[in-house]
Structures are given as structure tokens and as C-alpha cells.
There are 2 protein chains.
Amino acid sequence: MGVGAGGDAGPGRGPGASPGVGAVARVGAGAGAGAGAGANLLALRSHNTALVLDLLRGAGAGGISRLELAERTGLTPQAVSKITARLRAQGLAAEAGRRASTGGKPRTVLRLVPEAGHAVGVHVDRDEVRAVLADLNGTVVGERRGPLHAGGPGAGAEVVVEEVARQVEGLAPPVAESLLGVGVALPGPLDHRSGVLHRVTGFPQWEGFGLRDALARRLGVPVVVDKDTNAAALGLAVARGDDGGGAGSFAYLHVGTGLGAGLVIGGGVHRGARTGAGEFGHQVIQLDGPPCECGDRGCVEALCLAAVARGETEEAARVLGAGAANLVGLLDIELVLLGGRTVAAAPDAFVAGVSAVLAARARREGLPGGAVPVRLAPGGERSVAEGAAQLLLAPVFGRGGG
Amino acid sequence: MGVGAGGDAGPGRGPGASPGVGAVARVGAGAGAGAGAGANLLALRSHNTALVLDLLRGAGAGGISRLELAERTGLTPQAVSKITARLRAQGLAAEAGRRASTGGKPRTVLRLVPEAGHAVGVHVDRDEVRAVLADLNGTVVGERRGPLHAGGPGAGAEVVVEEVARQVEGLAPPVAESLLGVGVALPGPLDHRSGVLHRVTGFPQWEGFGLRDALARRLGVPVVVDKDTNAAALGLAVARGDDGGGAGSFAYLHVGTGLGAGLVIGGGVHRGARTGAGEFGHQVIQLDGPPCECGDRGCVEALCLAAVARGETEEAARVLGAGAANLVGLLDIELVLLGGRTVAAAPDAFVAGVSAVLAARARREGLPGGAVPVRLAPGGERSVAEGAAQLLLAPVFGRGGG
DNA sequence: GCACTTCGGCAACAGCGTTGCGAAAGTAGG
DNA sequence: CCTACTTTCGCAACGCTGTTGCCGAAGTGC
């Protein structure tokens, strides 16, 4: 029944209960990174179990029958029955009514039991810490906010650890069996794999701080850190659903006080060799153009934000569109999503402006399928925190990410 | 003993001999595209077998012992013994001497039997067709060249099919049991999945032609088509070896009569949603700059080639570097490789110029690890054809690509 | 010649998905 | 109400996977 968080992705919490979600989160058995990648039977089971869980989640409250699961996964109905029986025994799935009959025994509908697992997502912003408690569905079942006073010199990163820990403990007792861990999203470059911060924008004193391990020690649960744009992109990827296990790819472009991006390729966040991918803002689109804060010239961020400051929203959108077109051409993604405060101030203008650039590009190329669509990213101010929670939830459903 | 080519990736060739390489090439069991992605025992075996084959290939003539294979894959020695026994029975692997003893029984060294499988790689260029016959190691064991007279209007794509078929048949009888198939690399946009050409540069009359299926029908063996830059990048990825199963990522930038790129992420070629990724040349780095042939303005290709035409190699390299820096920032890749005739004309200048831009970027970022290295792509004029052969060989070793 | 170390295959095993088959639970028709 | 049919789904046996326990094979070192 219990959902022990295992000891995979961070410091464990002592001997957990029966093998639960944690054991599932491991594998992938796929072409991921890592050394060996040899797959054994446990890996096989974990992979298929995660696949089934992902479909159950995608089905939502409506549920999904065993035979549908079999069709979608390519597994035999009997294999699905075994897997779902295990999930029901673990409390992760449950029967939920039955479909209308088509002339025979009606299909039994299965659904995910969202309460079987939880994760905390924390959004550390410039002046605020926002934490949400999400269940397996990603539904927010608790929220807390608090100011962040770490701006002053001398106020080290420990202050942030303490503030984040306070918010987390206020949301969920760390001994709760269903707590998978805590995901923390914050701006600026950092190393996702090691959990070490690098020159986070606005907080120079955090350079080199090992936030993940410090917070994991403090809270006693697994912790994952990532860039805010990656968290937002992950949240959007989950929200989209993507065929259940699809190869969905899109770029989330965030225009706020800065300009960043989160890339989703094959259903998972693409982080790159040093987990620094997605640096969209300092893409040069105007050789020898106006200087940017980063020291280079003609960056998208500098051009776009300058246009915004001048009140020329159309020009800002055109610049953003040029950067997006470069990105689309290089990666051949399917969708561009726009978000952030600046976009929210004039959503239609930005969507139209970026769309126009991509449409012109598609016309020139003449490729079948038409232009890559541009849409406003759904979700409100809480979406980064929700995405941060998905940093822990997604692996349960086989969305390890790159 | 025989290595039937199975019937996976294209029209089969009738009932093959014993299950061989073809059966291995299928799976991945991973996070690839496709619908189901449910993994069964066959998928598991194929995955692990491909992994072992990849390590055997990477070990080269020196070979590798069973225990080393076990360490590298994470499998138990006994599992490796079973897998290698199967491979030896199929003729894909063989014992090759033994290591020096370390106080006990010396390890038996295993090696790949390259002659157990072959693939033909064809490079269709503007005025020439070049075909190579490669064994499992990728070693070229046969080569043919012939002129291509398809430029004239009216000369349809069938002429090319016939010319390619003639070269292939001259190299390898299509009934040879060890022939896995034919890979064809050609310039310009095309759909890798369906094998349909789109406006191949220089051959407008090929628009919409289903080259893959036409050639497969003509030859009776599986055919795969891809962009020339992707083929070259795949060849480079294989040549690098990459830890055996590593997450190697790099960009191959080709500067010839045009400017293209092949992206390797996670050891496989990244092709994107519509298999059109890697369009590096028409990345805009000079908003409202000089017009490009593509109809846009300020593309890298236009700027770079114009600088080359003016004799300003340094400026050309700087422009290329700016594009490469954008790419590195977006994807966080580990390496940039340069190739093509234009680069070959002044290799040091290009490598130095691109390096300088990336070094400056790394200095600004201040990230650990230093700048992304820039190197000249190894291999000569034959490398695209060799890479095209890898389109068939790579899947045998689990390098499906994205 | 003996003790020791290390490699690698044989045999038994647990666990995976698969297949064959039958019980359960509906609809359709008398 | 009863029967015939369809469809779902679980039990049991099966083949195959990697794993474990064990032992012979083949070296080194004393």
C-alpha cells in the first residue's frame, strides 16, 4: 500500500515500506545517458509499468480499460492484466466502473489513484518562494508562498535552503510515505545533474553552491533542481499529454525580465551535455548589433527587450520570431509556446508576430505540413512550481528526460 | 551462419536464412518514437545483443573479454556469456586469443566478425554517384563511382534510380545473404521516414519522388535515404566510438557549395519531428541583412559564403562561429566538427575562427569545463558514402538515431 | 607439485511476457 | 425465463530472459 520513495535519485529515508513508486522510477531501459544501459528483467518491468502508469494518467478521471492499454502499449492483454494487478495491489491503480457493452462483457475501467504519491514543487523567484504539493496527477493539493530575503550581500545560500525547507515542511511532513521528493526550479544557469548552482541571475553569492545536496540533507527526501524554464516546459509537456507516450517536441519561450527557453524533445526535457541547453536569449541574431548584458552583441534578449522598452511590441515579436525560426529550423520541433510576463502583457501581438515569421519561413521552404504553430502557454503564475513538482513525478511515468 | 536481412525496415527478400542481424536491428526498447513502445522479452534480448555488438565493434581488432563486456553493460558475466555464445553461433562474433593472466585463468578475447554483414552506402552528388560496400566494422571493402546525368530537364528521377542500382549491383549481388541493405545520402530536404524527396538542391524535378520505395523495389533489399550531412554526421559518430554507448553529442558543420549541419545527440542523429532538423545554413544571424537565395535575409549561409567569395576567410569563420555558438547555446553539445570543400581550402583559419567565437562565449559564461572544442572532421571525400552505409549498419548496434 | 586465483560453462531458478483455455458478465433472440 | 453468442479477463502452463550456485579449466606463484 505504501509508496516508499526508494533510494535512487538522492539520499534515501531509511528502510521504506513495500516497493512502490520509487522502484518504478528507475529505469528507462532505453537509449538514455549513463554508462551501461544493459537492461535486465527488472528494467523491463519498470519500463512497461511506467508506460501503463503514463497511459493511466493520460486517461484522467475517465479512466482506460485493460484492452485499450494493451492496444496502446503493444503488449498482450494478459501482460497488461498482470501489470495492472500489481499496480492495484500497490494502491497505485483502482477499478472505476465499466464501459458500455458492445455485445459482450463490458470493459472494466481503470484509473490512477492520485493520492498514492505526492511531490513538492518549489519555485524560487527573485523575491519570493512559492511551493506547491502535487499528487500523481499533477493536481495541486496544497500551496504556500513566502518572501525571499536573500538579496543582501552576506546573506548566503543557507538562507534560501532554510526558507525553502520551511515552505516544504509547511506543506507536507517529510515522513509522509507518499512523498517522492522535492523539485526546485530557479532562474539562471545551474548543473542539473550535480545540483550545483552557477551564477544564478540576481544572486551572485550562490555561485558554486550545492543546493540539491544541502536541501536533501536538510529535508531528508530526494531533491532535484532545474532551471525555471525547464520546469515550466516539463509541466507543459505533461499537461499536453502527447499521445500518451508520444514523441512530442516543442519549445517554450519565456519572456520576462530575461529571455529563456525550455526544449522538449521526444516527450522529455532536453538538457544537453552539461545540462545547460536552452540558452535561447543570448542567441545572436544581429551580428555586431547593440551590446547585451552578457557581453556579446545582438542577442535576441537585448533586441527583444529593448523593443519592448521602446513600446514597439511588433518589433519585439518579430525579433522573437526570428530566434524561434532559427530554433525550429535547427531542431525541427512541432510547436512553439510563449509565456512570461512580457508576453502576457500583449499576448495576441506576440503570438501573431512570431507566427508571421514562422509562416513566412514555411512558405519559403514549401514543406508539407505547413507552418509550425505558435500558441500561448497555458497555466498561470503557479506553472513553474507545478513543473518543478513534475521533476519528481515524471520519472514515475517514464518521462526521464534527456 | 547466414545473416538474413529480415524484413523490418523495408520490403523483405523472401524467407531468409537463420535469424541474424536483421532480428537484432529492430528494437531499442527505449524512448524512441513510434506508438506503443511496450517492451517484451524479444525487445530486451535485441537491446542487450545490440549493446554487446556495439562494444565488440568499438573494441576493434584488439577485442574485448566477456568480463569487460559485463562491466561495461552492467549485465552479469553469465548473461554476457549467453549472449556471446549466441553471437558466435550466428557467426557474428569469434574468439581471438587471450589476455595476459593476472594470476588466474586468462580472459578470452572476443571480436566482431566484420564479414558477417555488409551494407552499401551511396552518395548521390550533383554530378556523381559514389557507392561503397562496407562490412560490419564500417570498413570499405569495395567502391565504385559513376557520373550522374540527371541535370537536364526531362531526365526524371528514374534515371537516378537506375544509375544507383547499377552501382550497387556492381558492388554486391543483392542476393548476398550478408547484405543488410542500401543507404542513400543526397543533398537537400527530404523525408527520412517516408523516403520521399523534397526539392533536392539542384534537382527540382525530384520533388515528391519516393526514392526509397522505388529503389527498394528495383533492388529487392531494404533502402534508407537521408540528407548527406546526416549521413556524414552518423559516420563521424560511429568513428568516434563514444564510450561504446555514450551520450556523445556534436554538430557537424559542412561548408561546401551550401552550408548544412548534422546533429548527433545521445549517440544518434537527431532528425526532428519531420526529419528536417539540422537546417543550419538558413539560421538568421543578421536581421534584415543581405538577401539569401532562400528568400530570407541575413542567413549564415549567405553571409559566410559571401565572405568566402570576397576572400575574407577570417570573416567567414567568424560568421560560421556565431552560428555555431548559437547552436551550442541552444543544445549544449560537446563538440563542433567542420568539414566540406570550403573548409578544406583553409582548415586552420576556419577552426581557429570558430574556436575563437566559442572561446569568447565560454569566457563570458564562466561555466566549468571550458569552451566547446572545434575540430576538423576526419575522413575524406568518401565519408558521406561511408556514413550512408552506416544508415543500415548503425541499427544493428543499437544506434537507431532520433 | 601444490595452493591459489581467475575465467567461463552447466544446471537450477525466479520472473518476464505469451499462449491456451475457461469462468464471468453482458447482449440478442426465442 | 432460457439459450446462444460475444467479449472481457484471470488461471495455468510455457518459453525465454537474466541470475545464482557450483564446478571444471587454465593460468600464476611458491
Side-chain angles (χ1 to χ4, degrees), chain A residues 19 23-24 26-29 36-52 63-90 93-110, chain B residues 19 23-24 26-27 29 36-52 63-90 93-111:
Chain A
V24 168
R26 191 179 320 237
V27 174
N40 52 20
L41 289 172
L42 185 85
L44 185 72
R45 181 179 64 182
S46 300
H47 175 79
N48 287 340
T49 304
L51 218 60
V52 169
I64 184 171
S65 75
R66 289 177 180 80
L67 283 178
E68 283 178 84
L69 287 170
E71 286 168 19
R72 301 280 288 271
T73 57
L75 298 172
T76 60
Q78 193 56 244
V80 171
S81 276
K82 282 192 180 180
I83 293 170
T84 54
R86 207 163 43 219
L87 290 176
R88 284 197 300 155
Q90 293 175 359
E95 298 195 342
R98 33 190 58 179
R99 289 273 161 78
S101 168
T102 61
K105 177 175 175 177
R107 302 183 174 187
T108 311
V109 172
L110 300 171
Chain B
V24 168
R26 191 177 319 236
V27 174
N40 53 19
L41 288 172
L42 185 83
L44 185 73
R45 180 179 64 181
S46 300
H47 175 79
N48 287 339
T49 304
L51 218 60
V52 168
I64 184 171
S65 76
R66 289 177 180 80
L67 284 178
E68 283 177 85
L69 287 170
E71 287 169 19
R72 301 279 289 271
T73 57
L75 299 172
T76 60
Q78 192 56 244
V80 171
S81 275
K82 282 190 180 180
I83 293 170
T84 55
R86 207 162 45 219
L87 290 176
R88 284 197 298 154
Q90 292 175 359
E95 296 195 343
R98 32 189 59 179
R99 289 272 162 77
S101 168
T102 61
K105 178 176 177 178
R107 303 183 172 186
T108 311
V109 172
L110 300 170
R111 65 169 180 85

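In what follows, chains are A, B, ... by sequence order, proteins preceding strands, each numbered from 1.
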Closest to the side chain of A/Lys105, out of C/dA24, D/dG27, C/dG9, is C/dA24
Quick one: do A/Glu68 and A/Arg99 satisfy side chain to side chain contact (heavy atoms under 4.5 Å, CB included)? Show the steps, please. CA-CA 12 Å; A/Glu68 283 178 84; A/Arg99 289 273 161 78; 2.5 Å; yes
Protein and nucleotides 20-22 of chain D: nitrogen or oxygen contacts under 3.5 angstrom:
none

May I ask you to evaluate whether A/Arg45 reaches the phosphate of C/dA14, defined as a side-chain N or O under 4.0 Å from OP1 or OP2? no
Length of the CG-P vector between B/Leu51 and D/dG18, whole Å: 11 Å
For B/Thr108 and for A/Arg98, find the nucleotide of DNA chain C with the closest heavy atom, then tell me which residue's nucleotide is more 5'. B/Thr108
SB check B/Arg66 B/Glu95 (cutoff 4.0 Å): yes
Nearest-neighbour nucleotide for the B/Asn40 side chain, C/dG26, C/dG9, C/dT18 considered: C/dT18
Which whole-number value in Å describes the distance from B/Leu42 CG to D/dC16 P? 11 Å
When rounded to the nearest 0.5 angstrom, what distance separates OG1 in B/Thr76 from NZ in B/Lys82? 8.5 Å
Under-4.0 Å side-chain N/O to phosphate OP1/OP2 contact, B/Asn48 with D/dT17: no
Polar side-chain atom of B/His47 near backbone of A/Ala37 as donor-acceptor pair, under 3.5 Å: yes
Distance in angstrom units between A/His47 NE2 and C/dG15 C1', rounded: 17 Å
Rounded to whole angstrom units, what separation is found between the CG atom of A/Leu67 and the P atom of C/dG26? 16 Å
By nearest-nucleotide position on DNA chain D, the 5'-leaning member of A/Leu41 and A/Arg107 is A/Arg107
Let me confirm one number: the CG-CG distance from B/Leu69 to B/Leu110, rounded to the nearest 0.5 Å. 6.5 Å
Taking atom OG of A/Ser81 and atom CZ of A/Arg88, what is their separation to the nearest 0.5 Å? 8.5 Å
Counting any heavy atom closer than 4.0 Å, what does B/Arg99 reach on the DNA or RNA strands: base, sugar-phosphate only, or nothing? nothing
Are OP1 or OP2 of C/dC7 and a side-chain N or O of B/Arg66 less than 4.0 angstrom apart? no
Please enumerate all protein N or O atoms sitting under 3.5 Å from an N or O of nucleotides 28-30 of chain D, with distances to 0.1 Å.
none

note: B/Ile83, atom CD1; D/dC16, atom P; distance rounded to Å ~ 16 Å
Please report the distance, rounded to the nearest Å, between CD in B/Glu95 and C1' in D/dA25. 13 Å
Value rounded to 0.5 Å, distance of CZ in B/Arg45 from CG in B/Asn40: 10.0 Å
Going from OG1 on A/Thr84 to CD1 on A/Ile64, what distance comes out if it is rounded to the nearest 0.5 angstrom? 11.0 Å
Is there a side chain to side chain contact (heavy atoms under 4.5 Å, CB included) between A/Thr49 and A/Val52? Walk through the geometry before answering. CA-CA 5 Å; A/Thr49 304; A/Val52 169; 5.8 Å; no
For the pair A/Ile83 and A/Leu75, evaluate side chain to side chain contact (heavy atoms under 4.5 Å, CB included) and give the outcome as yes or no after the intermediate values. CA-CA 10 Å; A/Ile83 293 170; A/Leu75 298 172; 4.0 Å; yes
Taking for each residue the nucleotide of DNA chain D bearing the nearest heavy atom, is the 5' side occupied by B/Lys82 or by A/Lys82? A/Lys82
Could you state the CG-C1' distance from A/Leu75 to C/dT19, rounded to the nearest angstrom? 15 Å
Using OP1 and OP2 only, check whether a side-chain N or O of B/Ser81 sits under 4.0 Å from C/dG9. yes
N/O (side chain, A/Ser65) to phosphate O (OP1/OP2, D/dT8) under 4.0 Å: no
